[in-house]
Amino acid sequence: MEKIDPRALEREKHQKKEGLRDLPGDTSKVVLRFAPNPNGPLSIGHSRGVVINSKYAENYDGKIVLRFDDTDTRVKPPLVEAYEWIEEDFEWLTGRSADIVVRASERMPIYLDRAEKMISEGHGYVCQCGAEEFRGFRESKTDCPCRDREIVESLEDWKTMNSGKMKEGDAVVRVRTDMSLPNPALRDWPALRIQHLPHPTVGDKYKVWPLLDFQSAVEDHEQGVTHIIRGKDLMDSTRKQTLLYEHFGWKYPETLYWGRVKVHEFGGFSTSGMSSSIISGEYSGWEDPRLPTLRALRRRGFEAQSLIDFWGEIGLTQKDISISMQTVESFNSKIIDKICERRFFVSNPVPIEIQSENKPNEAKIARHPDGEIPGMRKWEIDNLIFIQESDFIQGKLRLKDFADIEITGSDAEIEGEQRSDDRPIIHWLSEKISREARMFVPEGGEMRELVGLIEDFELRVGEVYQFERVGFARLDRIDNDVVELIWLHG
RNA sequence: GCUCCUGUGGUGUAGUACGGUCCAUCAUUCCGGGUUUUCAUCCCGGCGACCCGGGUUCAAAUCCCGGCAGGAGCACCA
């Protein structure tokens, strides 16, 4: 009887399934891709794509392609520096570089060749209807006049388009689907259009450029992509591209989607929106701590792992979600609390004169309270100390790791070094160790600035410290002897 | 208008393909308590949810029908 496992009698509680769900289809040689537009650096929204795709690549021992979708020179033109920024952001986040990096703009011959083939096989045609005009045909499910022209005529127009003799907007290459399709988005969708504006990296060599749906479809096939994971706003892209794949006789990759993501603290933002706010001077640059770019988060002191943990917890769902940075901060705290040294930062300092004659002349405070980082911070103590204005009272206080004091006016008497009662414990600074500091706190679109004194003990630029009773902040730089800190979180 | 996606606590998420083991999982927030010479970390406890209405069934978060709500696409942007 006693051999029966007693646990078998207990009611089993359901467990939360951990990790990402399995990828569908053939997973023997997985190839994934992350395809941003290089019109700015990566933001927190992009990080979901990077994290999820690279996690799957890791899980299945597959490959990940970083592809720059840079075939638009007019509406969202590429930013030359952004290619490099994105590669840096990708590496920061995943700890490695992508297996393959491709720029769509450098693969133009492949797309143009494919387009010509499509036209000559009758699966596509050159359409010279205006955008408005075609909208009417699409809505009324009627064929446009260009649709029934001979293939040779389309081919001739195709050559004219490429020669540069046709103006932008005069013609477009469409994929022949079916104008009576129930979903209007799929009816003879546009695949390539004319652009005369030079491309920032390849110049004015090409006059006809593919749109996303065509370029992406062809390139995914070229790279042997097996699984596409993208936003569900691109569901119709999948349907359009599937039609194209049928024309070409290719097998479309397995496709998974995530829903729309909003971040409470940042509201609605877009790369192009941020770009114009930076140009107008509203923000100092892409690294402005108020921005949701990965560069800004990195500058504030977020660990890449916090984002990996965060997106892993959210997983891959098609729900439109509204997330809070608080959750990311919580993951970050768990990581950095163990590795950050402690320091004091006294904002709005109030000077206090210690009157006691036999005061100790040195303070020793642990670098880390749990001994995760061994060693002590040692300071000299003179008679002059500073405490934070918000802590300033008339009465009894304990200067953390130093002494019990009683304040009268702006003088203080040391009552003893040992803690003698449960009076409030505050952080403080000796004048000998104080250095002027400013802490920048991003608050929505504003930047609050706290002026105060920092504990000048082995400070290093780029390091994240936990300021006791204040919170985490990163030492951004030292300007004219003034230490500049950027607030991370509590 | 047409096409499509999604609805589980404050915010996310597990469970939904094969209905019972779910008086519904876990994280985060919030509240309370403990450890701590930080208002940090850590530990313990608590509050809090299956969009609505029908139907099928002994039994529905799960299946069916009908609503409703939110989001997306229908760009010569990505």
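First the proteins, then the strands, lettered A, B, ... as listed; each starts at 1. Predicted, not measured: the structure shown is a model, and the values here were computed from it.
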Kindly indicate whether the side chain of A/Arg239 and the base of B/rU3 share any N or O donor-acceptor pair separated by less than 3.5 Å? no
Between A/Ser47 and A/Trp311, do the side chains contain an N or O donor and an N or O acceptor separated by less than 3.5 Å? yes
Testing B/rG12, B/rU29, B/rC76 for proximity to the side chain of A/Pro190, the answer is B/rC76
Please determine if a side-chain N or O atom of A/Lys334 lies less than 4.0 Å away from the OP1 or OP2 oxygen of B/rU28. yes
If you check the A/Lys16 side chain, which of B/rC76, B/rU11, B/rA14 turns out closest? B/rA14
Proximity to the side chain of A/Asn37 - top-ranked nucleotide from B/rC2, B/rU29, B/rA78: B/rA78
Using the C1' atom on both, measure B/rU8 against B/rG15 and round to a whole Å. 10 Å
Going by the angle between their ring planes, with limits at 30° and 60°, are A/His489 and A/Phe302 parallel, tilted or perpendicular? tilted
Could you point out which residue of A/Ile426, A/Ile352, A/Ile425, A/Asp404 forms a side-chain contact (heavy atoms from CB on, under 4.5 Å) with A/Leu397? A/Ile426
Whom does B/rA69 pair with, Watson-Crick or G-U wobble, provided both distances fall under 3.5 Å? B/rU6
Take atom C1' in B/rC51 and the same atom in B/rA69, then report the distance between them in whole Å. 7 Å
Under 4.0 Å from OP1 or OP2 of B/rA72: is there any side-chain N or O of A/Arg260 that close? yes
Candidate nucleotides B/rU41, B/rC5, B/rC77, ranked by approach to the side chain of A/Arg193 - the nearest: B/rC77
Could you check which of B/rC77, B/rU13, B/rU37 has an atom nearest any side-chain atom of A/Ile314? B/rU13
Result for 5'-nearest mapping on RNA chain B, choosing between A/Pro184 and A/Leu192, is A/Pro184
Evaluate the side-chain proximity of A/Val470 to A/Ser347: yes if any heavy-atom separation is below 4.5 Å, no if none is. no
Within the side chain of A/His46, is there an N or O that forms a donor-acceptor pair under 3.5 Å with the backbone of A/Ser43? yes
With rounding to whole Å, what would you report as the distance between B/rA61 and B/rA49 at their P atoms? 15 Å
As a test of reading the structure: which of B/rC76, B/rG12, B/rC74 is closest to the side chain of A/Ser322, going by heavy atoms? B/rG12
hbond_proxy A/Arg398 side chain to B/rU37 base (donor-acceptor, 3.5 Å cutoff): yes
Whether A/Lys17 contacts B/rG15 is assessed here as follows: a side-chain N or O lying under 4.0 Å from the phosphate OP1 or OP2. Is that the case? yes
Are A/Lys319 and B/rU13 close enough that a side-chain N or O sits under 4.0 Å from OP1 or OP2? yes
So if I apply the side-chain contact (heavy atoms from CB on, under 4.5 Å) rule between A/Ile387 and each of A/Ile393, A/Leu399, A/Ile405, which one comes out positive? A/Leu399
Nearest-Å distance once atom P is located in both B/rU16 and B/rA59: 22 Å
Separation between the C1' atoms of B/rG71 and B/rC18, rounded to whole Å: 31 Å
Among the nucleotides B/rG73, B/rU38, B/rC5, whichever has the atom closest to the side chain of A/Gln318 is B/rC5
For the side chain of A/Lys232, starting at C-beta, report the closest nucleotide among B/rC5, B/rC76, B/rU38. B/rC5
Reckon A/Thr317 has a side-chain N or O less than 4.0 Å from the OP1 or OP2 of B/rU13? yes
Where the side chain of A/Asp236 is concerned, which of B/rU3, B/rU38, B/rU37 is the nearest nucleotide? B/rU3
Can B/rA61 be described as syn, meaning its chi torsion is within 90° of 0, or is it anti? anti
Per the atom types in the model, does the base of B/rU38 pair as donor or acceptor with the side chain of A/Gln466 at under 3.5 Å? yes
Looking at the side chain of A/Arg21, which of B/rU29, B/rU11, B/rG15 is the nearest nucleotide? B/rG15
A/Arg230 side chain near B/rG73 phosphate (N/O to OP1/OP2, under 4.0 Å): no
My understanding is that a pair needs two contacts under 3.5 Å, Watson-Crick or G-U wobble. By that rule, which nucleotide pairs with B/rG19? none
Decide whether a cation-pi geometry holds between A/Arg367 and A/Phe457; the criteria are a distance under 6.0 Å from NZ or CZ to the six-membered ring centre and an angle within 45° of the ring axis. no
With both distances under 3.5 angstrom, what nucleotide forms a Watson-Crick or G-U wobble pair with B/rA78? none
